[in-house]
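The structure under discussion appears below in the form of structure tokens.
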Amino acid sequence: MSDEEEVPEQVAIRRQKRQTLLDRGAQAYPVSVPITTSIAQLREQYGELDAEASTGVSVGIAGRIIYSRNTGKLAFATVAAGSGETIQAMVSLAQVGEESLADWKALVDLGDQIFVQGEVITSKRGELSIFVDSWQMAAKALRPLPVAHKEMNEESRVRQRYVDLIMRPEAQIMARTRVKTVSALRTSLSNREYLEIETPMLQTQPGGATARPFITASNAFGIELYLRIAPELFLKRAVVGGLDQVFEINRNFRNEGADSTHSPEFAMLEFYQAFADYQDMATITRELVQESAHAVAGSLTVTHLDGSQHDLSGVWPQVDLYGSLSEVTNQIVTPETDRATLEQMCADIDIKFAPTWVNGKLVEELFEHYVIPTFTGPTFVMDFPVDTSPLTRDHRSRAGVVEKWDLYVDGFELATGYSELVDPVIQRERLVEQASLGANGDKEAMPLDEDFLRALEHGMPPSGGVGLGVDRLLMALTGQGIRETVLFPLVKPERDR
RNA sequence: GGGUCGCUAGCUCAAUGGUAGAGCUGCGGACUUUUAAUCCGUAGGUUCGGGGUUCGAGUCCCCGGCGACCCA
């Protein structure tokens with residue numbers, strides 16, 4: 001430790017306490033401490049004791065000091081396990097002796113990981129406690145924790161999630177809810193005979209969605225590589241090969257802005273099923289969301305952090321995209337509606353559009369503006385414009401639209417499902433058209449993936465497919481923003497201050 | 001991309017353009033049943049960075065950084 005190094009006073013003091021421990025032959029960071037049980041287990045086993053009970057049972061436990069009350073000859077501390085269970089430690093002069101009590105007061109700080117060994121008792125006020133025979137530093141914290149009874153600001157919570165997890169039970173709950181949710185998705189899909197497979201994150205050309213990719217490079221191959229924007233084209237290759245029901249839960253990367261519903265890297269579930277169509281996939285998607293809600297909340301009514309309740313039960317309504325837009329605007333809009341009319345409608349409500357935007361994109365913008373705010377519960381939006389959905393097959397009976405739905409929950413898009421386009425000739429035409437858009441400067445358009453087309457030319461069975469945002473599912477279940485659902489969201493680096 | 005708001009002590013926040021403060025934390029002391037312990041004392045600042053206006057800037061203006069919210 002250099003004297004020239006500028007550290008806050010409280011950090012310097014804690015470093016000195018660490019050194020004091022070492023100087024007297026104790027350890028500040030022992031390789032292990034002899035715990036015999038967990039705080040949670042003690043709570044479960046002895047949670048019902050009366051006040052001033054003694055058990056005669058001696059245990060060793062470890063945890064983080066989150067409150068400390070040093071009185072004269074009997075000191076109290078609240079020791080917390082990572083998941084939030086707490087137990088009180090009582091350090092008395094009579095039990096540990098003068099020197100040990102003095103060291104406890106002088107060297108143990110809020111935030112330290114501590115080991116205590118002693119009898120399980122309850123205090124006069126009935127608090128479950130360890131009456132300490134001996135104690136030992138388990139890991140000295142060199143930085144002070146923020147104050148416990150004021151909320152940290154949002155930026156610090158995201159930048160230092162480890163502190164957020166220590167201080168805020170909601171952060172712990174969210175992290176654990178995410179695990180439950182992903183696990184429920186895997187279980188639900190596995191119960192339906194789906195196989196979880198892994199497809200490339202590094203791709204020689206990005207595809208399966210319209211988005212700008214992150215670009216990287218292979219030194220060994222001397223070529224550009226792209227972080228995937230979607231796994232779709234590989235999952236479909238797997239279906240061509242006879243893996244009839246496949247899914248993947250993993251990260252996608254899109255080189256775009258971040259806001260309360262978008263993150264540059266986000267977790268996505270995609271699943272594909274041969275001999276299913278988009279209606280079949282809508283049913284499975286609803287069931288997956290409902291089974292996740294049940295796993296997380298024990299009910300199909302989920303409660304958000306603000307206390308509002310959201311019912312996810314039942315069969316969810318399906319609204320027709322063009323039909324509902326026509327209804328809300330009192331103006332017939334169809335796939336045949338001409339460009340000038342659409343542009344005028346957008347201009348009327350100040351939607352700024354680029355000349356490169358296709359008609360379907362204008363329709364979708366209008367739809368988002370007019371219709372989405374009218375949804376009151378989970379809603380499937382059915383049958384999208386052809387020109388924004390190059391990987392979806394034409395509707396079986398309606399011209400100008402494709403068999404695609406978007407599932408909206410709480411006003412945002414949670415999932416999207418297709419009857420997949422499997423005709424390799426039409427797929428090639430669509431991709432060529434997309435590639436020409438790319439040549440015209442639309443950086444989101446898809447390049448031509450010859451190997452994917454070759455796979456389709458081997459015959460892909462009629463199939464349904466779905467993409468579901470895992471972060472967004474967490475948002476729907478908890479009512480939190482995307483940055484709260486992700487443990488360590490991307491944050492811009494702090495400049496030197 | 002546009003707009004609004006914010007950034008001050010370890011943390012949460014104050015401060016008409018006029019000596020930068022409080023609570024908690026820390027440090028010293030008292031206290032053998034405390035629960036955000038209490039009581040007494042005390043320390044702690046590059047006010048996000050840079051420039052400008054002014055006798056004087058945390059405060060006003062400009063540029064930049066980071067974040068939140070709203071709009072597109």
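All figures in this text were calculated on a predicted structure; none of them were measured in a lab. Chain identifiers are assigned alphabetically (A, B, ...) following the order of the sequence lines, protein sequences preceding nucleic acid strands; residue numbering begins at 1 within each chain.
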Point to revise | 5'-most by nearest nucleotide on RNA chain B - A:Asn70 or A:Glu151 | key: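 Its nearest nucleotide being more 5', the pick is A:Glu151.
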**Study point:** 5′-ward residue of the pair A:Lys17/A:Lys73 relative to RNA chain B
**Key:**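 The residue whose closest nucleotide sits nearer the 5' end is A:Lys17.
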Check your understanding: Side chains of A:Gln309 and A:Thr301: is there a donor and an acceptor less than 3.5 Å apart?
Key ->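 The criterion, which ignores hydrogens and geometry beyond distance, is not satisfied for A:Thr301 and A:Gln309.
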Exercise for review: List the steps, then state whether side chain to side chain donor-acceptor pair (under 3.5 Å) holds for A:Asn255 with A:Tyr226.
Suggested key: CA-CA 11 Å; A:Asn255 205 341; A:Tyr226 304 87; over 6 Å; no
Point to revise | Any-strand Watson-Crick or G-U partner of B:rA15, both distances under 3.5 Å | key: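 Paired with B:rA15, as far as the under-3.5 Å criterion goes, is no nucleotide at all.
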Check your understanding: Is the Lys NZ or Arg CZ of A:Lys404 less than 6.0 Å from the centre of A:Phe384's six-membered ring, within 45° of the axis?
Key ->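 Yes, cation above the ring, under 6.0 Å and within 45°.
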Please state the [atom1] separation for the pair [N] and [M] - nearest whole angstrom.
N	M	atom1	answer
B:rA36	B:rG17	C1'	39 Å
B:rG50	B:rC66	C1'	15 Å
B:rG41	B:rA9	P	25 Å

Exercise for review: Identify which nucleotide among B:rG10, B:rC27, B:rU12 has an atom closest to any side-chain atom of A:Asn153, counting heavy atoms from C-beta outward.
Suggested key: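 Closest nucleotide to the A:Asn153 side chain: B:rU12.
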Practice item. Name the closest nucleotide to the A:His149 side chain, picking from B:rC24, B:rG10, B:rC66. Key: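 Closest of the options to the side chain of A:His149: B:rC24.
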Exercise for review: Using atom CD of A:Gln10 as one end and atom C1' of B:rG45 as the other, report the distance to the nearest whole Å.
Suggested key: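 After rounding, the reported distance stands at 14 Å.
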Exercise for review: List for me each residue that meets ring pair (Phe, Tyr, Trp, His ring centres under 6.0 Å) alongside A:His369, sequence neighbours excluded, and say none if there are none.
Suggested key: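 Partners of A:His369 under the ring pair (Phe, Tyr, Trp, His ring centres under 6.0 Å) test: none.
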Hey, what are the protein-to-nucleotides 68-72 of chain B N/O distances that come in under 3.5 Å?
unit_1 : atom_1 : unit_2   : atom_2 : d
B:rA68 : OP1    : A:Arg483 : NE     : 2.9
B:rA68 : OP1    : A:Arg483 : NH2    : 3.2
B:rA72 : O3'    : A:Asp350 : O      : 2.6

Check your understanding: What orientation do A:His304 and A:His310 show, parallel under 30°, tilted 30 to 60°, or perpendicular over 60°?
Key ->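 Ring orientation, 0 to 90° scale: parallel.
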Practice item. State whether the side chain of A:Arg159 and the backbone N or O of A:Lys492 hold a donor-acceptor pair below 3.5 Å, judged by distance alone. Key: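 Answer holds: yes.
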